[in-house]
Number of protein chains: 4
Amino acid sequence: MSISLRRARTMIRKAFENARGAEMKPLAAVVLDEGGHIIAFEREDGARPGRFEIAHGKAYGAVMLGMPGSAQMARAEAQAYFIACANGALGGRMVPVPGGVIVRDSKGKILGAVGVSGDTSDNDAAAAKAGIEAAGLTAEI
Amino acid sequence: MSISLRRARTMIRKAFENARGAEMKPLAAVVLDEGGHIIAFEREDGARPGRFEIAHGKAYGAVMLGMPGSAQMARAEAQAYFIACANGALGGRMVPVPGGVIVRDSKGKILGAVGVSGDTSDNDAAAAKAGIEAAGLTAEI
Amino acid sequence: MSISLRRARTMIRKAFENARGAEMKPLAAVVLDEGGHIIAFEREDGARPGRFEIAHGKAYGAVMLGMPGSAQMARAEAQAYFIACANGALGGRMVPVPGGVIVRDSKGKILGAVGVSGDTSDNDAAAAKAGIEAAGLTAEI
Amino acid sequence: MSISLRRARTMIRKAFENARGAEMKPLAAVVLDEGGHIIAFEREDGARPGRFEIAHGKAYGAVMLGMPGSAQMARAEAQAYFIACANGALGGRMVPVPGGVIVRDSKGKILGAVGVSGDTSDNDAAAAKAGIEAAGLTAEI
């Protein structure tokens with residue numbers, strides 16, 4: 001199974017709904033497939049343009065390494081040079097903080113990742129999780 | 001005025017509707033703002049992952065230089081080194097063929113660009129134009 | 001379905017067997033998954049080290065754009081600046097000549113690509129095709 | 001002497017056998033020659049795609065500097081800026097942690113390196129060592 005565009009749209013809409021309900025700042029949200037390629041992206045009115053790159057970087061590291069943002073952050077705190085160098089090896093495209101959330105099916109298989117940026121990292125991650133679960137999939141935050 | 005997320009969504013949906021009506025191959029479509037930054041992107045199921053980069057490159061050159069894809073292509077045919085060097089100066093992110101369509105308001109001001117990739121360049125441009133016009137804006141193809 | 005490591009190994013071995021039977025020069029062969037990521041690579045003794053980058057580039061463009069090497073080459077002959085710019089958009093990683101062969105399942109779905117380099121482009125493509133077919137899959141050359 | 005493809009295959013297979021026996025997560029393993037160029041790479045089913053870049057980075061730093069992953073890590077702990085700058089000079093391709101293992105012949109000459117990624121760094125290094133020794137060569141871990 002792979003993430004359909006229909007499901008990717010649901011994830012983004014529901015992430016934004018969650019954010020509006022919680023009075024978060026304007027967000028950007030991206031859905032990547034299993035190979036780290038973009039299926040869908042949206043930036044809410046008022047979100048700064050660089051939020052694309054941050055949201056993308058959060059999701060990209062998560063799906064390429066199989067480590068969600070929280071795990072990448074823990075590793076960066078413990079061993080900064082490892083994350084710095086992994087980032088170099090992946091073309092400088094990682095952003096290792098919460099808000100990069102892995103998407104799994106009911107058997108635990110990784111289908112892709114959602115990346116959210118715009119509010120605090122923890123709020124970003126909560127919005128991503130809400131979107132993934134609204135699409136009937138499992139979030140590893 | 002700038003392109004709202006709501007309008008960007010309309011452009012993409014209507015571009016895809018146009019493509020389905022014309023039995024085109026699966027498409028990818030991006031909407032860039034007037035600074036060349038992504039507002040929204042969607043890739044239809046079955047479109048290859050690299051279609052993001054191609055659709056983006058078409059729209060990026062169009063909005064950054066104020067030349068739609070057809071004009072960039074004409075210039076590339078007449079003066080290949082100019083387009084090659086402009087592309088270098090723009091970080092290698094141009095794709096100078098039809099399918100990069102400029103979005104203007106009713107007074108002619110450039111608001112952004114739509115890039116489409118997946119079918120022939122001319123069909124890609126037609127789908128982008130249909131989307132822009134469905135959102136009540138003017139397309140320079 | 002995705003290409004298993006077991007099947008990727010078969011493709012490479014059978015490509016090399018085909019090449020030895022046809023007295024080709026030493027080859028390098030790579031198998032990429034549906035997202036353009038490496039599953040397996042081998043370089044025969046005597047093949048130059050840069051054959052990795054060439055084999056990879058052939059397969060990468062094929063799977064990212066859904067165009068096998070022969071179609072990329074035809075496009076490059078007809079419209080050189082398009083392929084030059086598509087290559088820029090894809091990070092300079094395309095090599096648009098035969099030897100980048102798309103792998104499809106029995107329903108026509110793209111599962112990945114095989115890239116071969118070391119002999120003439122046409123021989124490279126023939127070896128890739130032999131490997132893909134020996135693994136029970138369909139080659140688009 | 002250089003590492004033959006036959007021996008590179010043995011190293012990878014035996015590294016994977018060691019990992020399966022120790023119930024490690026799915027691994028990626030690469031064998032580089034003495035110039036830092038890839039001879040062979042395999043990614044086990046279930047290993048994330050970015051494991052190629054990490055495995056490669058571990059082996060690349062090891063063979064280019066003649067320092068195995070453990071020595072690179074010690075240096076990064078003691079003198080982070082040295083490793084950061086060495087990495088810059090090497091094109092951002094180092095990953096300075098265990099799992100990058102130098103391959104030597106019986107006289108101590110460096111023939112190449114093996115890089116493994118997927119489980120803990122120490123387990124990755126143990127799998128690489130097992131593969132190298134199964135091929136009759138000496139591992140500097």
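What's counted below: heavy atoms across the whole structure, side chains too, no hydrogens, waters or symmetry copies. Chain identifiers are assigned alphabetically (A, B, ...) following the order of the sequence lines, protein sequences preceding nucleic acid strands; residue numbering begins at 1 within each chain.
Here C:Ala89 is the residue among C:Gly36, C:Gly35, C:Ala89, C:Gly88 with the most heavy-atom pairs under 4.5 Å with chain B.
Residues of residues 42-49 of chain B having a heavy atom under 4.5 Å from any heavy atom of chain C, listed by number: B:Arg48, B:Pro49. Chain B is approached within less than 4.5 Å, heavy atom to heavy atom, by C:Ile110 from residues 91-128 of chain C, ordered by number.
Residue pairs meeting the ring-ring contact (aromatic ring centres under 6.0 Å, His included) criterion with at least one partner in residues 20-44 of chain B, sequence neighbours excluded, are B:Phe41-B:Phe52.
Annotation: the span from C:Cys85 atom SG to B:Ile83 atom CD1 amounts to 7.5 Å, rounded to 0.5 Å.
The shortest distance between side-chain heavy atoms of C:Phe82 and B:Met73 does not fall below 4.5 Å.
Both the backbone and the side chain of C:Glu34 have a heavy atom closer than 4.5 Å to some heavy atom of chain B.
In this view, C:Glu53 satisfies the side-chain contact (heavy atoms from CB on, under 4.5 Å) rule with no residue, not counting sequence neighbours.
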